[in-house]
K.L.:
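Provided herewith is a single structure, encoded as structure tokens, for subsequent inquiry.
Labels below follow one simple rule: chain letters A, B, ... track the order of the sequence lines, proteins then strands, and each chain is numbered from 1.
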Number of protein chains: 4
Amino acid sequence: MNTLSSQFYTTPALTALFAANHQIACMLRFESALAQAEAATGVIPMAAAQAIGEACKAEYYDPAALAYAATTAGTVAIPLVQALTSKVASEYRAYVHWGATSQDVIDTAMVLQLREALKLIENDLLQLAAICARLAETHRHTIMAGRTLMQQAIPITFGLKAARWLALIVRQIQAIRTQSNQLYLQFGGAAGTLAALGPQGWQVAERLAEELDLELPDLPWHTERDRMAQLAASLAVLAASIGKIAQDVLLLAQTEVAEVAEAPAAGKGGSSAMPHKHNPIDTLMARAAAQHALGQLPIMLQAMLQEHERAAGYWQMEWQALPELVCATGGAVARLAAALEGLIVDEQQMADNLRMTHGMLMAESLSMALATQLGRPHAQQRVQQLCEQAHASKQPLETLALADPQIMMVLAPTAIRQAFDPARYLGSTDLLIDRALASYQQLGETTQ
Amino acid sequence: MNTLSSQFYTTPALTALFAANHQIACMLRFESALAQAEAATGVIPMAAAQAIGEACKAEYYDPAALAYAATTAGTVAIPLVQALTSKVASEYRAYVHWGATSQDVIDTAMVLQLREALKLIENDLLQLAAICARLAETHRHTIMAGRTLMQQAIPITFGLKAARWLALIVRQIQAIRTQSNQLYLQFGGAAGTLAALGPQGWQVAERLAEELDLELPDLPWHTERDRMAQLAASLAVLAASIGKIAQDVLLLAQTEVAEVAEAPAAGKGGSSAMPHKHNPIDTLMARAAAQHALGQLPIMLQAMLQEHERAAGYWQMEWQALPELVCATGGAVARLAAALEGLIVDEQQMADNLRMTHGMLMAESLSMALATQLGRPHAQQRVQQLCEQAHASKQPLETLALADPQIMMVLAPTAIRQAFDPARYLGSTDLLIDRALASYQQLGETTQ
Amino acid sequence: MNTLSSQFYTTPALTALFAANHQIACMLRFESALAQAEAATGVIPMAAAQAIGEACKAEYYDPAALAYAATTAGTVAIPLVQALTSKVASEYRAYVHWGATSQDVIDTAMVLQLREALKLIENDLLQLAAICARLAETHRHTIMAGRTLMQQAIPITFGLKAARWLALIVRQIQAIRTQSNQLYLQFGGAAGTLAALGPQGWQVAERLAEELDLELPDLPWHTERDRMAQLAASLAVLAASIGKIAQDVLLLAQTEVAEVAEAPAAGKGGSSAMPHKHNPIDTLMARAAAQHALGQLPIMLQAMLQEHERAAGYWQMEWQALPELVCATGGAVARLAAALEGLIVDEQQMADNLRMTHGMLMAESLSMALATQLGRPHAQQRVQQLCEQAHASKQPLETLALADPQIMMVLAPTAIRQAFDPARYLGSTDLLIDRALASYQQLGETTQ
Amino acid sequence: MNTLSSQFYTTPALTALFAANHQIACMLRFESALAQAEAATGVIPMAAAQAIGEACKAEYYDPAALAYAATTAGTVAIPLVQALTSKVASEYRAYVHWGATSQDVIDTAMVLQLREALKLIENDLLQLAAICARLAETHRHTIMAGRTLMQQAIPITFGLKAARWLALIVRQIQAIRTQSNQLYLQFGGAAGTLAALGPQGWQVAERLAEELDLELPDLPWHTERDRMAQLAASLAVLAASIGKIAQDVLLLAQTEVAEVAEAPAAGKGGSSAMPHKHNPIDTLMARAAAQHALGQLPIMLQAMLQEHERAAGYWQMEWQALPELVCATGGAVARLAAALEGLIVDEQQMADNLRMTHGMLMAESLSMALATQLGRPHAQQRVQQLCEQAHASKQPLETLALADPQIMMVLAPTAIRQAFDPARYLGSTDLLIDRALASYQQLGETTQ
């Protein structure tokens, strides 16, 4: 599907990875490496491997013609192997695709494409993590309202919010790296026995895995697709992580909250009707892309129900769902990075919003200050009554607390005033920011 | 996403409907009709409408450039309206896109695309129904094993199976027609009030609906997307219907069942490894396409959770999911029609399979014949014992029944033999085939 | 699954409908009606039908024992029919479940349960519609900010927002009624041929449909589950509709927006930590329930891929998904009705929020006022510049407009001031509210 | 939802883990451990911790009453903490739930429940693996048809099929163990800052994690739910793995294939209509349960989009979906183990089916034997022609090959006959079985 909108959800680099010509290039890489591996193990003549290798250049093949033939053949491997064979000198044609089956070349090419895609996504994630780390540092002390159930709750800092985003992204980077280290060769022949290679099948498999720098699996996995599904699931969890952060940003960017805004840019975020609009385009597209990615995961899980030694439809349904999942996930990452890169953080507005409930936000703080003396249930009950009074009378909670005989009996005015200071009610905020930054640092170290 | 495989799941005609240039054409059709409607209601000068109409030719616009600008703008409407404006004589530029918003043009263009797509799908469904009707007629008396829980159960006819497929398809055609009659104009302006048109907004809406031959909705539906979701759901039910039929065909085409086969064709259904294979390619691709379609529905349902007067991401996520759902559903229909068109039905094999359990398939028949005399529970129990005996001794159930004193006491040998004649145990089969054909006939009549 | 939380998402009445004892009651109702229909058509003796009918009392049967036996048998029909048979006088036992199969009784019982459930849900929807209609009337002139992409856009009224909710609910009521009118008997015998009833099968089916007051289907639908899937889809669209409204309420109830609040109640909406919290519990539970419902739909669609004449697992997977979908959808409706029933609408806050952007909200209004004179593109551009100036200088847009020579040249000060009056920029708001109320009225009329 | 069918999909032990009383027990365990940890770090008096600990006995609390109160409160934590407080001596009441919030106790209780559930599932998986290992060993040399696209392809052994199931299960056990080692404490207080505990918050967290034997997370994860989603995803991949194996069994158990059958048992697999049926009940229920589990995963992924510091609905929607996912996955494992435990494998039927295509299955074998001499393309083409001839004439392929001059020219009759011996065309089958068994052995070793 090549709609106008399809590029909204992804990046040009990812799109290119799954385009017809690159898939063909990866399939040819498999065929070439197969010939090499078979020559190295004495299964076919070295000259044949060389001849085949020379014919394995993507530019020799016409993607449109192959796609057309594939629609009837049911797999692009058949017309590609035919075309490749026709480009090899006749004495070596026998050795093209020797002992392999369509699924071997299609699955392994997909794995090669995924390897490149995961690398691109990881890079964008690292950039996103760097931005979040910067926000966490810069806004370590920028106090804002913490919000639960979409109501102001108690104070946090914007640095902590960014640190939580950071920790979430760091964990996703680790997950993507785990997946990148679990990319396996598929090589099993017609029904997973490597029968056509006689006793040498697994030796060829070992060599082929080396040639392609892929992991050698325990067994061929033609119809046991747990690894593909798990890769898809990890990407979906990443996509949903991006969705969570994007949603936070959208909520903070609402006109009435106005604590953050996307950096303006020419031609960005306007409206075809309203001249005043600056819409958070990158963020909302990140959210849309994340949802598009999530939508593809169930297809990949259904696709696990593959019959016997090759599935009739359930393998083929991976071919579109997985590229879409990968591309939309990567698109979500890139869009969110673009949104956060120049994010405008309005510290004044954060401070103003913090004060808008006239101290209600500090109710737990006051309650805890009273709890040791009054007992937590009693303290909570008393503060609840004051809150209702404050709400009804529109007076600040602090004023009411300072006038409450029961409270005055157990807390000095200074202590009451301190209980209303957001900066004094941040608990482990600083330490938690440090922990997030530390896990980000460790990430960098393990890369090297 | 334009992978090699993407065309496996759909048809060229459907792909073309959702391609960039056709989306632009539909958007221009909206802009042109809007100008017409506004001129007709005296909102803008007639000359302006004419000037705008002349500029609304898709070939004047560059899809790639618009797509590029749209990625930043967040919607293709903004750059398209700009480009359109620049093509209109300066005195009339004021009136381009007058009173409308991006969502009006994008949603209505999508509705126009959907109208064409539904028509294409309906046509393919009618062809599929015709094929099923032919199979139902032709094989009205072709007895085969009915199978429950993947075990042979009692006899049916292949005509009845085809009649059930037919009835299923007829109901889907009705559902698609219902959807085709519920295609509504979206026109609400910036926030659904048509404020920019002052008191004339709804009058323009009425006229615009007429111009585009669309239904006038009760209200603008910018963030109330139940109709879009329902359309998507109807298509998903259709896709799953195709999936059910495709699965039946695949099961019947198994080597060990071999009751049907796809017609062979050059370059179709082979294997890159196994020379003897004739794989049911069209059927399995129908199944894969159906699953791809099903995967998009949850996106459309999530997309209903749109905020306030225009959604931040949840509207935008419809843009890829809905075209994919439509195209994959249509692809599934077309592939299944191709598979059934030349379906080879092996009546002999059906008859052979019917006999393979040595009469077990007639156990219910025998049991019912005995039931009036012995009571259903007792009859069932006796037959069950005979079945176990038959299974253990590999003797035909009929032989055992004819030798069983208890059975002989209540049933004459002729009656026993009749109880083992599949043709005498088809119940309402004929009548049900008639009912399916009648509902298919009525369908044709309502079209005219 | 009987977790503590399971009741959060549904209502006691709906839970009761799908509980074991009520399912048994519905299955017995089928068996009793079947005997009646067969007696009426002369298939079994009238005395047998009477004896069977007397044994069909739910209180005679032990749900736990049946459930236990069913786990092994694979269907509750087998142990229930056995138990029922044992309760019938021996001379009539033969006629219990005569000619039917497990699927007939289980499917039809489900349909009977669904009929009751749809009625309950419709009633709650009618209550919800009444509340929305009241809000639409009461707040017809309560001006508030319309919001697009989570940014203030142009003015609307709260009455219009409620009218859009109303229209959405009205359409869902129509959809539920459509579904309620499409509840079909399932009756096909072992493999859908009614073979065990000889030539009288369909006659029994007709009579049985009458007895149960269900529709007679075109054909038995044992493995053609499009109607079940479509019912599920309609409920999912309803659930997502509830989700959309709940989300609007949650966004409006945010501390910083504060335009609506759920009515407080004892023990509701507090926090175990924060004494000041009044959380919108009903609304958020409506949203959670809606999402739980949405999650079940894909199961129902996958369940359509049923093999041959009875599915091996794909039929059985409907048994939990469909009740959950129904119950969670109904729960979402009931919870949202509870939330909206006493909804506190803060008109003053709506007015205050409207002013918070210092006139930006009226940018389109000003732009349209200028458009006829300056042309829409030029007008929009000029207003955009003023908006940026207003944003930078924190001056009201109106002040800047009144000081702008270009604007002053084409608009009189009064006209400019009028362009900044939200009440004058509501377009078709009133008419659209009327249209929503009219469709609600018609709904009532069609019921009678 | 407590339907009759709900227990079909799970086991009593898993159901019990998520029942109300056990959830309460786990929540009390958190409250007790919290008091201990706070006493140990000097936050509250040791006597208070002891008093609280004594009141934390599940039998003191009424699940129904708590559930009722929770429906209004929006969380069961509030009424439970109230009830607990009332059971503690008044001087210590202050210290109940000190510094914690509802989410801390609910999330951590869920983690404790999950730990037990994963253990149960792992045990059932180990049993399933043992069965598969036995099948792989026993049927190492039992030759059967390998099937691709539901067509017979080339020979494999049933041992290899079982070995592939085994390797799949072994990988799932590893995945479940990985998840079991990543069960983290949730402890963050009202908004994730642990503010109510002042500077001691994280110290308490560390001690609390120790008390509960849970991992200490990098940060509180109240609204960063990637770990929960990943756990859910791993279970879904497991469920789909079970689905794949169950589907293979169902296909092999078809009447026409008849290579395996579930062991018969009293009251199992019968039909309410057909006396001869032995339905594969456990296998089909495993498949239904797996699909029910898959249906819940998207809910868990959507649930990741949680707002700010506590979600309004998206947290709450995990509460039903996750238990259902866990229980249905575990149910699928247990049902499949029951099905495979006594699986009847019909080696004779496997051998018969292998011969049913009269040698077609050996087409690739013949083709490879010819390939070195004729070249692979030419060899494949010649064999394809012979296959078509064999199909048309119903003669064995071997007979035709032995009569083909072109073939006879390059292959001796013995070589041709050998090419038709399935036992000589098994390639790496034996080695792959060994690899699967080895990975199973290693699993056992890592447990100790």
K.L.:
Does D/H391, at its NE2 atom, have more than 12 non-hydrogen atoms belonging to other residues, nucleotides or ligands within less than 6.0 Å?
P.N.:
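At most 12 heavy atoms, drawn from other residues, nucleotides or ligands, come within 6.0 Å of this atom.
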K.L.:
Looking at chain D, which one of B/Q384, B/E388, B/R382, B/M150 has the largest number of heavy-atom pairs inside 4.5 Å, strictly under?
P.N.:
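Most heavy-atom pairs under 4.5 Å with chain D: B/M150.
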K.L.:
With chain D, which of B/A363, B/S365, B/A390 has the greatest number of heavy-atom pairs at distances under 4.5 Å?
P.N.:
B/A363
K.L.:
In terms of heavy-atom proximity below 4.5 Å to chain B, should D/M356 be classed as side chain, backbone, both, or neither?
P.N.:
side chain
K.L.:
For B/T148 and D/N279, which heavy atoms make the closest approach, and how far apart are they?
P.N.:
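Smallest interatomic distance, heavy atoms only, reads O-OD1, 4.1 Å.
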K.L.:
Could you tell me whether the side chain of D/P280 reaches within less than 4.5 Å of the side chain of B/Q151, counting heavy atoms only?
P.N.:
yes
K.L.:
What parts of residues 245-258 of chain B touch chain D if we use heavy atoms and a cut-off under 4.5 Å?
P.N.:
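When heavy atoms of chain D are the reference, residues 245-258 of chain B contributes B/L250, B/L251, B/A253, B/Q254, B/T255, B/E256, B/V257 within the under-4.5 Å range.
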K.L.:
So which part of D/Q302 gets closer than 4.5 Å to some heavy atom of chain B, the side chain, the backbone, both or neither?
P.N.:
side chain
K.L.:
Between D/L284 and chain B, which part of the residue has a heavy atom less than 4.5 Å away: side chain, backbone, both or neither?
P.N.:
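Side chain only.
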K.L.:
Where on D/R147 is there a heavy atom nearer than 4.5 Å to chain B: the side chain, the backbone, both, or neither?
P.N.:
side chain
